[in-house]
Each structure stands twice: as structure tokens, then as C-alpha cells.
**Student:** 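Please see the structure below; I have some questions.
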Number of protein chains: 2
Amino acid sequence: MAANQMREKVYTELSRITHAISNPKRLELVDLLAQRPFSVDELSREISMTIASTSQHLQVLKRAKLVNTSRKGNFIIYSISEDKVVKLVSAVKDLGFRKYAEIERLIADFKTDKNVLESITLNDLLARSKKEKLFLIDVRPEGEFEAGHIPTAVSIPLDQLKKRINELPKNKTIVAYCRGPLCVMAVDAVNFLKARKFKALRMEDGFVEWKLLNAD
Amino acid sequence: MAANQMREKVYTELSRITHAISNPKRLELVDLLAQRPFSVDELSREISMTIASTSQHLQVLKRAKLVNTSRKGNFIIYSISEDKVVKLVSAVKDLGFRKYAEIERLIADFKTDKNVLESITLNDLLARSKKEKLFLIDVRPEGEFEAGHIPTAVSIPLDQLKKRINELPKNKTIVAYCRGPLCVMAVDAVNFLKARKFKALRMEDGFVEWKLLNAD
DNA sequence: AATCAATTCAATAATTATATTGAATAGTTG
DNA sequence: CAACTATTCAATATAATTATTGAATTGATT
């Protein structure tokens, strides 16, 4: 076989990967699965699609070997096949968030709507935690915390925040994080806490971003 | 605007990027442009397509902001818009080369055909150069060397190798590199040198891989 | 073994992608 | 400014993608 033919075939194989994440819903699915494994049913609710359509998209991802399946009772559980998949999606977001004025605008508008006055990044968190004592909370649903979290974080899912508010210190700054920059849970948590006179800050990055930073 | 709508729009925007590289020919184009800027005409020859088709693909890449254009005389020169694009394609290759048995097989078969007995990687090169004196040659066409090369390398384009063979040492091991693992130029160079009793080795990685390793 | 629940499959219709040919354009060069 | 050249555009036919509905399947559970 000639070298040209080989190259052509390799790029065709490689494009299976990029084709799999070329659809917005499938990109969202992979990004969600980076948090933890989910059932088809859960995923379909998260991405607002019929179960059948979600299943089809998941099968495309599976054929491209970006995700695996396993069974748990009646449920089929989809999960990311390996860390490099998360890295790939991270590279897409990294490029997109910087390169596309449209995306910047969408996120900025969203922050205005949600009344987000201040957000910090992972780097800010590290720098700041050297100067003052911070209280880091992970406001994602429990299962995602259990699948992995930033070491010093305490799990307080958003829907438990009201009744567990006595667990939070009034004298320290509370930093809340969730799934990442596109997720609202930490924003809602911070607004709730601020209304009750806590010192609270949202961190844009989540566990997945932390993990990528602390890999290699 | 609700958070869900924002997320949906952001993923739609992000999928412009992944859609742009979801086609094998476009993936190959971006990978080529990582070496240096090229004209439409040069690119169409490299990827074995009509000029019109190549132009259409390039316009898709441009709309997705992965490449820029400039003019040089009668030619339109396409180039990568920023380093993060190269990083993205590298993440795709990184995943594909490991994950796809099919790709591994294609590359292995190609090596057998080309009689490639031994290949080293960038890491091997660094380790080995501490123990013995190596003579590193860049066998890509001159323009690509000029656009960027590994610091210690000497430019000897493949088609000049025969007449410049006296520039090469008999007592050192010669390491040849080109565009990367899918490129044949270094393989051909090594086979040519070995037939003339030089000690020669192919390095799979190229300048782009070196640059990514020596970035951040 | 029958029932049940979660997921997948099949069929459909509308939309979008692809490669090609040949014409049009825009900018450069003599 | 006329001729030229590289690139883009337009039109076309074929193929692939997408979301949906409703039926089929596959294990688990009773």
C-alpha cells in the first residue's frame, strides 16, 4: 500500500472521532459524562431530548469508542472510555471560549442575567487560599461528588443548601464550584448565600478542569 | 435567557469547531497547515483533490475560524489561526493513535511495507542524545524548515539528500525527522542512508510535536 | 414463564454535506 | 487597461445526518 493511501485511511479513521463530537448534542453528552457515568434516561433529561434520540447519539459515540457501556439492573450506564476523550473536549472548549466572540457574549449575557458579580478561576483559588482561609463547597449532586472532587471540598448539593446552611462558617469566604463555566449551580448557591450575609464566591472551573490541570 | 438555552447555544457554537474537522480531508488540511502556511493550489495537490473542492473545504475551516487567509501575489495563503488549533488536532491524533486498533494496524502495515525496522520518538531522542553524539536532519522541504524546526537540526530536504550526502558524518548516528508519524520522507531518507552504510534512524515525531511538547 | 422497564431498532421526512464541472471574480502583472 | 491566473462561486446529483414516532428487544423481577 502506498503512503498516500495509508494517510488517507488514517485521516478517515481519525475523522470518526471528530465526526462523533461534531454535533452539539453529542458534544454536550460527552461533556456531561466527564462528570460521572449516567444512564440513557438521565442523559436524555439533561440534554432535553427524547430517549430514542439520546440513545442514537450515544450509539454514535460508542461506535467512535469515545464511551463505554455497562449494565446496572435495568439501566445501561454510559461512561467516558478514557481520559484522553475528556482532554479532547477540553481542547475544543479551550479554543472556543477564547476564539468565538459569540460564545463570550453568550456567557457574559448569562452572567449579567444571573447577577454574577465576581467569579474566580482555579488559579485564583490556589493563589487566594495561600493568603486567607477558604471554605470550598462542591454543589453538584452527590453522585458527581462521589465520582470525583477537588480534595479539600465539602459536598453540599444545591438542593440541600437551605437546610444545611448551619454547616457553613460566617467568618471564612465560601467558594462554590459545580460542573464548570457553563453550569449554574454554583451561581445559584452563591446568590443564595450572599442574600444571607455570607461571604461567598463562585469558582468557574469544576472538578474536571482541576483534574486536567493536575494530570500529567 | 435561561441557563439551558445558553448552554444549548454554546454547544452549538462549539460544534462549529468540531464540525469543521469532522471531515477527513479537512482534518488533513489542518494537519498540513500546522507545518507551514500553504496556497490553495499547493494544498489541493497535497490532499489529492480538485482545486474547487479544496477551496470549499478551506472556506469551511475559515468560517469556523480555524484558519486565516492572506494574499501573496496571485496566491491566497491559508494558515492556522492560532496554536490552540494545532493542540486540538494533536488531541485528536493522540486519542486516535492509541484507541483505534485499525489505525495502529494501518501504521504497522505501512512500516512493514516501507521496511522500517526502527523508529524513535522525541523522548528517545532526548535520552539518547545525552549518551552519544547524534546528527539531527530535517528532511522536509525547505519552506517548512524555515517556518520552524527543532533547534539543533540541519535542513537537508529529501530531494537534496543524494547530492549533499558528503555533508553527513559517517561516525555519528544520523536521526532524520519530517512531518510526523504519517509522513514518509524520513523513512525514505533513512533507507537511502542505510543502503550507503550510514548509521541512520528515523524519528517519528516532527517539529510540530516538538513545539507542542516545548510549549506551556 | 409471564410481566415489566429501559433501551434499541426501523421507518420516515426534512435537512445538510460532499465532490464535481464549468463559469465568474478579483487582483496582479505586463 | 488588457490579459492572465489563482481562487471562488453556482448548480447539480448523490449521499449522509437528524429528530421523531412507534414497535421490538433484552434482561431483570415476580
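Side chains are part of it too, since the values below use all heavy atoms of this structure and drop only hydrogens, waters and symmetry mates. Small disclaimer: the values here were computed from a predicted structure and weren't measured. Residue numbers start from 1 in every chain, and the chains themselves are labelled A, B, ... in the order their sequence lines are given, proteins ahead of strands.
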**Student:** Where along residues 29-48 of chain A does a heavy atom come under 4.0 Å from DNA chain D, residue by residue in number order?
**Tutor:**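 Correct list: empty, so none.
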**Student:** With sequence neighbours left out, what residues match B/E209 under side chain to side chain donor-acceptor pair (under 3.5 Å)?
**Tutor:**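 By the side chain to side chain donor-acceptor pair (under 3.5 Å) rule, B/E209 matches no residue at all.
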**Student:** Can you list the residues that meet the side-chain contact (heavy atoms from CB on, under 4.5 Å) rule with A/N166, with sequence neighbours excluded?
**Tutor:**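 Partners of A/N166 by the side-chain contact (heavy atoms from CB on, under 4.5 Å) criterion come out as none, since no residue qualifies.
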**Student:** List for me each residue that meets side-chain contact (heavy atoms from CB on, under 4.5 Å) alongside A/A34, sequence neighbours excluded, and say none if there are none.
**Tutor:** A/V86, A/V208
**Student:** Who are the side-chain contact (heavy atoms from CB on, under 4.5 Å) partners of A/R7, not counting sequence neighbours?
**Tutor:** A/N4, A/Y11, B/E28, B/L182
**Student:** Starting from C1' on C/dA5, measure out to NZ on A/K72 and report it in whole angstrom.
**Tutor:**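 In whole Å, C/dA5 C1' lies 17 Å from A/K72 NZ.
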**Student:** Between C/dT7 atom P and A/I77 atom CD1, what is the distance in whole Å?
**Tutor:**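 Those two atoms, CD1 and P, are 7 Å apart.
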**Student:** If the cut-off is 4.0 Å, is B/S53 near the phosphate of C/dT20, judged by side-chain N/O to OP1 or OP2?
**Tutor:**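 True: B/S53 side-chain N/O within range (under 4.0 Å) of C/dT20 OP1/OP2.
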**Student:** With a strict under 4.0 Å distance from non-hydrogen atoms of chain A, what nucleotide opens and what nucleotide closes the contacted stretch of DNA chain D, reading 5' to 3'?
**Tutor:**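 Span of nucleotides near chain A: D/dT17 to D/dA28.
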**Student:** Side-chain N or O of B/H57 less than 4.0 angstrom from OP1 or OP2 on C/dA19?
**Tutor:** yes
**Student:** On DNA chain D, compare the nucleotides closest to B/L58 and A/T54; which residue's is nearer the 5' end?
**Tutor:**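 By nearest-heavy-atom nucleotide position, the 5'-most residue is B/L58.
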**Student:** Any side-chain hydrogen bond (donor to acceptor under 3.5 Å, both in side chains) involving residues 153-163 of chain A? Give me the pairs, sequence neighbours left out, ordered by first then second residue.
**Tutor:**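 Only A/Q160-A/R164 qualify under side-chain hydrogen bond (donor to acceptor under 3.5 Å, both in side chains).
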**Student:** For A/D109 and A/T112, does a side-chain donor sit closer than 3.5 Å to a side-chain acceptor?
**Tutor:**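 Their side chains do not contain a donor-acceptor pair, so the 3.5 Å distance test is not met.
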**Student:** Using five base pairs at each end to define the local axes, how bent is the helix from C/dA1-D/dT30 to C/dG30-D/dC1, to the nearest 10°?
**Tutor:**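 Computed from the C1' atoms at both ends, the axes differ by 30°.
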**Student:** Side chains of A/Y177 and A/D138: is there a donor and an acceptor less than 3.5 Å apart?
**Tutor:**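 A pair is found: one side chain offers a donor N or O, the other an acceptor, under 3.5 Å apart.
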**Student:** With sugar-phosphate meaning primed atoms plus P, OP1 and OP2, does B/I51 contact a base, only sugar-phosphate, or nothing at under 4.0 Å between heavy atoms?
**Tutor:** base
**Student:** With the sugar-phosphate defined as primed atoms, P, OP1 and OP2, and the base as all remaining atoms, what B/S/- string results for nucleotides 25-30 of chain C, 5' to 3', for protein heavy atoms under 4.0 Å?
**Tutor:** --BSS-
**Student:** Check for a donor-acceptor pair, side chain of B/R26 on one end and backbone N or O of B/A20 on the other, with a separation under 3.5 Å.
**Tutor:** yes
**Student:** Any side-chain donor paired with an acceptor under 3.5 Å for B/T50 and B/S53?
**Tutor:** yes
**Student:** Using only modelled atom types and a 3.5 angstrom limit, is any donor from either the side chain of B/Q56 or the base of C/dT20 paired with an acceptor on the other?
**Tutor:**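 Looking at the base of C/dT20, it does pair with a donor or acceptor on the side chain of B/Q56 (distance under 3.5 Å).
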**Student:** Taking side chain to side chain donor-acceptor pair (under 3.5 Å) as the test, write out the residues that go with B/S39, two or more places apart.
**Tutor:** B/E42
**Student:** Mind checking what makes side chain to side chain donor-acceptor pair (under 3.5 Å) contact with A/E204, not counting sequence neighbours?
**Tutor:**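 Only A/K111 meet the side chain to side chain donor-acceptor pair (under 3.5 Å) criterion with A/E204.
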**Student:** Can you see whether B/T12 engages B/E8 through a side-chain donor-acceptor pair at a distance of less than 3.5 angstrom?
**Tutor:**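 No, B/E8 and B/T12 have no side-chain donor paired with an acceptor closer than 3.5 Å.
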**Student:** Considering only C/dA6, C/dT8, C/dT18, which nucleotide approaches the side chain of B/R26 most closely?
**Tutor:** C/dT18
**Student:** Considering residues at least two apart in sequence or located in another chain, which fulfil the side-chain contact (heavy atoms from CB on, under 4.5 Å) criterion with B/D83?
**Tutor:** B/K211
